[in-house]
Amino acid sequence: MVYPLLADSIIHYAKAIALTVSEINIFYKGTNVFKKEYATAVKTTTTTVENGRFTIEIKAEEESPKLTEFVEKQSQLMATTVGIDQKGKDLLLNLSRTLALYQRLDEILRRIMDMAMEVLPLSDSCSLYIYDEKEDILIPRVTRGFKWEHLQHIRFKPGESLTGFTFQSKRPQIFHHTDEVYQGMESMSKENWKYFEESTPIKDGERMKAQSAMCCPLMIQNDCIGVVSINSFRQTGHFTNEDLDLLKAICNQAAFAVHRGYLFTELENQADKLMKLNHDIQLKNQSLEQTQHNHNELMKIAIEQQGMDPIIAFLSEQLSSSVFMYDEFRQLVSSYEKGEVPFDAAIPPFLDLLTPDLMQPSLLEEYDLVIIPIITRREPRGFLVISNKVLPLDHLEKMLIEEAQNIISIELLKQEAVYETKQRIQGEFLEDIQGKVDISVLIDQAKLLGLSDRENYLFFGLHIDQSTNDEWRVKETKNLHHLVEKFIDHYFNRNIIFKRNNGLRGIIGFPTETTEESVRSQMNHFIEQLDMYLRKHFQERTFSYAMGRVTSLEEIRTSYKDVWYCIEIFNRHKRPDQRMTYREVGVAKMMMNSSEEELYQFVVDQVRPLMSYTKQNKRELLTTLEHYLFNHQNLKEVAQQLHLHSNTLNYRLRRISDILSGDIRDAEVIFHLRMAWNIMNLLGTKEEWLFQS
């Protein structure tokens, strides 16, 4: 029946605009032919729409111009019975009902397209254009019969072609013949014509031509929101005015559905925006909570003075990455590794990149690392190295690292203050060792620094080899001091390192039962390893080392003087990469009062005849003499070391005595020869003086 379908259509539309309808009455020539109650409203308002022989009364909670306009269109549709068969009327009513069920714009547009082509059997193509107010153009949204991949690019201006003309005039148009169709299309732009031609279907190898066409505007009150364009490619049969009336009726209903679809789409978009906004707010809340948690944890570490390691461990856990902390001297202060690390963290391959000019985060793609400088007073005080990260960091990571940078800066400044205080106290102690402070006072000071009178100690010195044109900066000495302090702890439990302008001095403790030979062996190994370690950090530098004798704490000044004499020799003669022990102190004292020329002359005076001897035999005679001097003249031991028969050794020794014109068994001759060799060994000049002169 027509009346129930009409009533259902009104009810669906009322629901779409959120209006409650309580009763619908339809009158034909004054007779009530349909009545239905739907709901009881507290307050009702009656809306009456008259159209010829029909009168429609709707009782709702309030008046609605939109509902009134919709009912007027529906009454016109119901009144348009002339020239439309029963199938057409049923399809139109079905369209009215089904469009009310759809909410999404795309679904509505497709349904309009399908119903229009179903109601109009002569239609071979149908396209629906929607007006874009911002761009002032008509844009195709759906089509049947044309190739969408081409048609979708068409953009009609108002007044352009059949579609634009219909939009501009706001009146339905019918074009009965091909000539009328293509005459109306003459205003189409070249670009749009290209797309239209490409979208036209092909039959028997030729593009089809429209034999007739209809265009109808989609009107909401006095505004046109779009155009429906229908074409027929058939040679027989053309669109009639009755077809145009039917299309108009379809478009009258479709316009409200499209308008409602726009409203629904807008509501959906607003809902999506609200959901996104809500999601963003939740993320920000989580971010704030996480940031607050990070802040609290880092402040707790700082307040409780837990040190650097807990800070780096916390960073590593939060970032799920290995984290390394290097100070301004590029020394590893702390690290927390998660998984294997493809480099030595103590001396990494990127060490040279940790320079004072690194003021911004830097990405090392080769090692998959990010370096973040710790800046205080516009100078880097350290470097955070984080694995498996790329720049830019996300918001939470950036906030966490910025928070950590502040805490780390405070920790570094605190460590610097402790270091300076420690150096001041240790420096005063070293000055007292050099001075005339009573030994009992000195021992008390030593105990305050962690030394015990139940152990023995020795002084050692590290001298920075440098020329007059190669100044060693204060910062480099400080770096050297940090490195040695960290390194020596792996070898000796009790030690103190003093920073001096030309290098370092140190006190190392040994248990009283440790033999002198064991001490020498440990120190030689330590110095060799230390020198290799420092050369990795200072590749263009060399160092010389001095070692004093082992004494009790009461006699520590003696060991210090041993080292002092050795360092003075290093400064005076400027020979790089030297080693000197307390055993050479006697020679060192003599060397301090002589120039290198004088020392050379002393050596020459002792061994000149051998130095002038033939080159072929000179080396073997000098080598034999050296072994003889430094093996306590033990002929058996010398013969074994040189792999000589005793007769051969005795012959060589007699030959040496003859050449030197002196008995090398004589104690005075031996003393002077040993002194000459000690000088050459200390200066490292044996090859130069003996074999190249």
Side-chain angles (χ1 to χ4, degrees), residues 308 311-312 315-316 319 321-393 401 404-405 408-409 411-413 415-416 419 462-467 469-488 490 497 499 503-504 528-544 576-577:
M308 189 69 73
I311 299 173
I312 302 304
L315 266 180
S316 177
L319 296 171
S321 303
S322 296
V323 179
F324 309 90
M325 177 65 209
Y326 295 88
D327 63 16
E328 60 184 307
F329 308 111
R330 305 183 301 171
Q331 295 180 32
L332 182 65
V333 176
S334 178
S335 65
Y336 195 92
E337 298 181 12
K338 296 182 76 68
E340 294 185 2
V341 177
F343 54 80
D344 180 3
I347 309 179
F350 52 81
L351 199 63
D352 292 340
L353 299 177
L354 307 182
T355 57
D357 58 350
L358 181 61
M359 303 295 287
Q360 297 294 331
S362 177
L363 175 64
L364 295 182
E365 295 183 358
E366 181 180 357
Y367 302 102
D368 198 19
L369 297 171
V370 169
I371 300 178
I372 299 175
I374 306 297
I375 308 295
T376 59
R377 300 172 185 172
R378 298 183 180 179
E379 291 186 2
R381 297 303 298 267
F383 304 91
L384 274 175
V385 178
I386 305 171
S387 68
N388 299 318
K389 290 295 175 185
V390 296
L391 294 175
L393 300 169
I401 290 173
Q405 282 177 299
I408 290 172
S409 297
E411 185 64 28
L412 289 174
L413 291 172
Q415 290 180 3
E416 181 68 15
Y419 170 80
L462 185 155
H463 180 73
I464 301 169
D465 298 331
Q466 55 187 231
S467 64
N469 297 324
D470 186 19
E471 294 297 329
W472 185 274
R473 296 188 299 272
V474 174
K475 192 171 184 179
E476 287 181 298
T477 305
K478 190 175 180 181
N479 185 16
L480 175 68
H481 181 248
H482 279 289
L483 282 170
V484 175
E485 269 195 327
K486 185 177 297 184
F487 185 83
I488 199 171
H490 295 290
I497 305 297
K499 180 163 61 69
L504 305 176
E528 288 297 327
Q529 296 301 312
L530 175 62
D531 192 60
M532 291 173 58
Y533 176 71
L534 293 180
R535 287 177 186 271
K536 293 179 181 179
H537 288 271
F538 306 99
Q539 297 179 3
E540 298 180 359
R541 301 287 185 178
T542 61
F543 305 92
S544 294
D577 198 19

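- At a threshold of 4.0 Å, the pair Asp327-Lys478 does not count as salt-bridged, since none of the basic side-chain nitrogens sits closer than that to a carboxylate oxygen.
- Summarising the geometry, atom CD1 belonging to Ile386 is positioned 8.5 Å from atom CD1 belonging to Ile312; distances are rounded to the nearest 0.5 Å.
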- prompt: Given the rule in the side chain to side chain contact (heavy atoms under 4.5 Å, CB included) test, do Leu412 and Met308 qualify, once you have shown the distances and angles that lead to the verdict?
  reply: CA-CA 8 Å; Leu412 289 174; Met308 189 69 73; 3.7 Å; yes
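- Atoms CD1 and CD1, from Ile311 and Ile408 in turn, are 6.0 Å apart once rounded to the nearest 0.5 Å.
- By the salt bridge (Lys or Arg N to Asp or Glu O under 4.0 Å) test, Lys536 is found to be paired with no residue, residues two or more places apart in sequence or in another chain being considered.
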message: With side chain to side chain contact (heavy atoms under 4.5 Å, CB included) as the criterion, how do Asn388 and Leu319 come out once you've worked through the C-alpha distance, each side chain's angles and the decisive distance to 0.1 Å?
response: CA-CA 9 Å; Asn388 299 318; Leu319 296 171; over 6 Å; no
message: Checking Tyr533 against Leu483 for the side chain to side chain contact (heavy atoms under 4.5 Å, CB included) test, could you report, in this order, the C-alpha distance in whole Å, the side-chain angles of both residues, the deciding distance, and whether it holds?
response: CA-CA 9 Å; Tyr533 176 71; Leu483 282 170; 3.4 Å; yes
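- Once rounded to the nearest 0.5 Å, the distance linking CG of Leu530 with CZ of Phe543 reads 8.5 Å.
- Donor-acceptor pairing under 3.5 Å is recorded for the side chains of His481 and Tyr419.
- One N or O on the side chain of Gln331 and one on the backbone of Asn479 form a donor-acceptor pair closer than 3.5 Å.
- Asp465 approaches Pro576 most closely through the heavy-atom pair OD2-CA, 3.4 Å.
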message: Pair Thr477, Lys499 - check side chain to side chain contact (heavy atoms under 4.5 Å, CB included), show working.
response: CA-CA 7 Å; Thr477 305; Lys499 180 163 61 69; 3.7 Å; yes
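- The structure places CZ of Phe324 at 4.5 Å from CD of Glu337, a figure rounded to the nearest 0.5 Å.
- A donor-acceptor pair under 3.5 Å links the side-chain atoms of Ser387 to the main chain of Ser322, judged by distance alone.
- Residues Arg381 and Ile375 have side chains not in contact (no heavy-atom distance under 4.5 Å, counting atoms from C-beta outward).
- In this structure, CG in Leu462 is found 9.0 Å from CD1 in Ile497, a value given to the nearest 0.5 Å.
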Could you tabulate the donor-acceptor pairs under 3.5 Å formed by side-chain atoms of residues 347-373, not counting sequence neighbours?
residue: Asp352; atom: OD1; partner: Arg330; partner atom: NH1; Å: 3.4
residue: Thr355; atom: OG1; partner: Asp357; partner atom: OD1; Å: 2.2

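- Smallest separation of non-hydrogen atoms from Phe329 and His482: CE1-CD2, 3.3 Å.
- Of all heavy-atom pairs spanning Ser321 and Ser316, the tightest one is O-OG, 2.5 Å.
- Remark: Leu480 CG to Leu504 CG distance equals 4.5 Å, nearest 0.5 Å.
- What you find for Asp577 and Ser544 is that their closest heavy atoms are N-OG, 3.3 Å.
- Inter-residue side-chain proximity for Val385 and Tyr326 is flagged as met; some heavy-atom pair is nearer than 4.5 Å.
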